[in-house]
Amino acid sequence: FSIHPVADSIVVMDRSKGTIVLGSDLKHVRALPRSLSMGPALLLHWPDSVLVNAQRRDRPGDMNPFHVVSFRGSEPTILRSFGAEREAPTNPREFVNLRRVIAASASRGLWSAEYNRYRLNLVSMDGQVSKTLVRAPNWFPNEPTPMNMNEPPPPHIAAMYEDSAGLLWVFTRTAAPTWKEGYPRVGPGAREVSVSAFEMDKLYRARLEIIDPRAGRVVTRHDIDAHMIGVLPDGSVGIYKTTADGEPYVEIKRLVLRR
């Protein structure tokens, strides 16, 4: 899910539950149904213009990963779509992953990355790729890797953020030392496991790389000994934590680059 402060409201967008609007007192204001399999979002002008990464449920052959959506009505309305990188597959059983991690850019476009490939594209609002940055560190597989509960979870890109200096902050999730404790216990023959059964704070730790897109190099790298759940529009990071009694909460931290 993603959280977006807007004036005196908070917009929460959840891939599985839809969109919820909370007031400044955190009380429920309204909810919109999940008509899109929606991922990360950028609020261009709430509620009339929101850029979302989504897979259209009404058009299975639509290969566009990005959609500009209006949330003014009782249901989200798609205004336009863009960013297709290929034609729809002729084999109906072929799965095309349109999931992307996105970040706003001062270039009036957005940074886009596939979940499991360290390939960062600067995309204009008409879908043109103007810059591509590729990283191939030995700790990142750069290919779809199925999760095996007998092995550490594969790394993936979790979030990105472009700061005021034009540097790109890329947050990845890597296996925590406690990864074995994060997998659920399943009985023999089980084929499906609910995502909620995984203890993500035991599975993952975060790794931050700050990249200079102009020079095409990593400025610095930093491991964060915690499970990062997301980045706010101002670059603050949400860290998942629990109290001594096991109650979960989110701690907001602001990271600062010191040279």
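- Atom CZ of Arg108 has 12 or fewer neighbouring heavy atoms from other residues, nucleotides or ligands inside a 6.0 Å radius.
- Asp212 places no side-chain N or O within donor-acceptor distance of the main-chain N or O of Gly216, the cut-off being under 3.5 Å.
- Atom CG of Leu208 and atom CG of Asp223 lie 9.0 Å apart (nearest 0.5 Å).
- Note: the hydrophobic cluster containing Ile252 does not contain Met228 (ILVMFWY, side chain heavy atoms under 4.5 Å, direct or indirect links).
- Of all non-hydrogen atoms in Arg214 and Gly166, the two that sit nearest each other are NH1-CA, 4.3 Å.
- Between the side chain of Asn64 and the backbone N or O of Ala84 there is at least one donor-acceptor pair closer than 3.5 Å.
- The closest side-chain donor-acceptor pair between Tyr204 and His227, if any, does not fall under 3.5 angstrom.
- Within the cation-pi definition used here (under 6.0 Å to the ring centroid, within 45° of the axis), Arg207 qualifies as a partner of Trp139.
- With respect to Arg205 and Asp225, a salt bridge is recorded, a charged nitrogen being found less than 4.0 Å from a carboxylate O.
- Side chains of Met13 and Leu43 form a contact here, defined as non-hydrogen atoms less than 4.5 Å apart.
- With contacts defined as side-chain heavy-atom distances shorter than 4.5 Å, the pair Val250/Lys241 does not qualify.
- Between the side chain of Asn53 and the main chain of Pro65, a donor-acceptor pair closer than 3.5 Å is present.
- Taking every heavy atom of both residues into account, Pro248 and Thr242 meet most closely at CA-CG2, 4.0 Å.
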task: Evaluate the side chain to side chain contact (heavy atoms under 4.5 Å, CB included) criterion for residues Met149 and Trp179: first the C-alpha distance (whole Å), next the side-chain angles of each, then the deciding distance (0.1 Å), finally the verdict.
output: CA-CA 9 Å; Met149 289 195 286; Trp179 63 267; over 6 Å; no

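- Residue-environment remark: CZ (Arg30) exceeds the threshold of 12 foreign heavy atoms within 6.0 Å.
- Here Asp201 contributes atom CG and Ile239 contributes atom CD1; the two are 11.5 Å apart, rounded to the nearest 0.5 Å.
- Using a distance-only test at 3.5 Å, with no hydrogens or angles considered, no donor-acceptor pair links the side chain of Asn116 to the main chain of Glu143.
- One finds the CZ atom of Arg258 at 13.0 Å from the OG1 atom of Thr220 (value rounded to the nearest 0.5 Å).
- Ile78 places none of its side-chain heavy atoms less than 4.5 Å from the side chain of Val68.
- Enclosure of atom NE2 in His28 by more than 12 non-hydrogen atoms of other residues, nucleotides or ligands within 6.0 angstrom is indicated.
- Side-chain contact between Leu122 and Ser107 is present, with at least one heavy-atom pair separated by less than 4.5 Å.
- Under a 3.5 Å cut-off, the side chain of Thr243 and the backbone N or O of Glu247 do form a donor-acceptor pair.
- Residues Phe71 and Val21 fail the side-chain proximity criterion, which asks for heavy atoms closer than 4.5 Å.
- Remark: Ile210 CD1 to Tyr161 OH distance equals 10.5 Å, nearest 0.5 Å.
- A donor-acceptor distance shorter than 3.5 angstrom exists from the side chain of Asn142 to the backbone of Tyr118, with no hydrogens or angles considered.
- Within the model, atoms CD1 of Ile211 and CG of Leu120 stand 5.0 Å from one another, a figure rounded to the nearest 0.5 Å.
- For Glu87, the CD atom is loosely surrounded, since the number of other residues' heavy atoms within 6.0 Å does not exceed 12.
- Side chain of Thr145 to backbone of Pro154: no donor-acceptor contact under 3.5 angstrom is found.
- The two residues Ser112 and Arg100 come nearest to each other via the heavy atoms OG-CD, 3.6 Å.
- A donor atom on one side chain and an acceptor atom on the other are not found under 3.5 Å apart for Asn121 and Trp111.
- Side-chain contact between Ile224 and Phe171: present, with at least one pair of heavy atoms (C-beta onward) separated by less than 4.5 Å.
- Side-chain contact between Asp126 and Phe82 is absent, with no heavy atoms from C-beta onward closer than 4.5 Å.
- Considering only heavy atoms from C-beta on, Glu181 stays 4.5 Å or farther from Glu199 through its side chain.
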- prompt: Going through the distances and angles, do Phe140 and Thr172 end up as a side chain to side chain contact (heavy atoms under 4.5 Å, CB included)?
  reply: CA-CA 9 Å; Phe140 199 97; Thr172 57; 4.1 Å; yes

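- At distances below 3.5 Å, at least one donor-acceptor pair connects side-chain atoms of Glu162 with backbone N or O atoms of Ala106.
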task: Quick one: do Leu51 and Met125 satisfy side chain to side chain contact (heavy atoms under 4.5 Å, CB included)? Show the steps, please.
output: CA-CA 10 Å; Leu51 190 149; Met125 292 299 289; 3.4 Å; yes

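- Checked by atom type and distance alone, the side chain of Asp234 pairs as donor or acceptor with a backbone atom of Ser236 at under 3.5 Å.
- Under the 4.5 Å side-chain contact rule for hydrophobic residues, Val134 and Val218 do not share a cluster.
- Enclosure of atom CZ in Arg135 by more than 12 non-hydrogen atoms of other residues, nucleotides or ligands within 6.0 angstrom is indicated.
- Rounding to the nearest 0.5 angstrom, the gap separating the CZ atom in Arg56 from the CE atom in Met63 is 12.0 Å.
- Nearest heavy atoms, Ala197 versus Pro184: O-CB, 3.5 Å.
- Nearest heavy atoms, Pro233 versus Pro5: CD-CD, 4.2 Å.
- Linking Ile, Leu, Val, Met, Phe, Trp and Tyr whenever their side-chain heavy atoms come within less than 4.5 Å puts Ile102 and Val123 in one cluster.
- Closest of all the heavy-atom pairs between Leu22 and Ile20 is CD2-CG2, 3.9 Å.
- For the 3.5 Å distance criterion, the side chains of Glu151 and Tyr183 fail to qualify, holding no donor opposite an acceptor.
- Transitive grouping of hydrophobic side chains (ILVMFWY, heavy atoms separated by less than 4.5 Å) brings Leu32 and Val11 into a common cluster.
- Val231 and Leu110 fall into different hydrophobic clusters, defined by Ile, Leu, Val, Met, Phe, Trp and Tyr side-chain heavy atoms under 4.5 Å apart, directly or through other members.
- Arg254 contributes no side-chain N or O that, together with a main-chain N or O of Val237, makes up a donor-acceptor pair within less than 3.5 Å.
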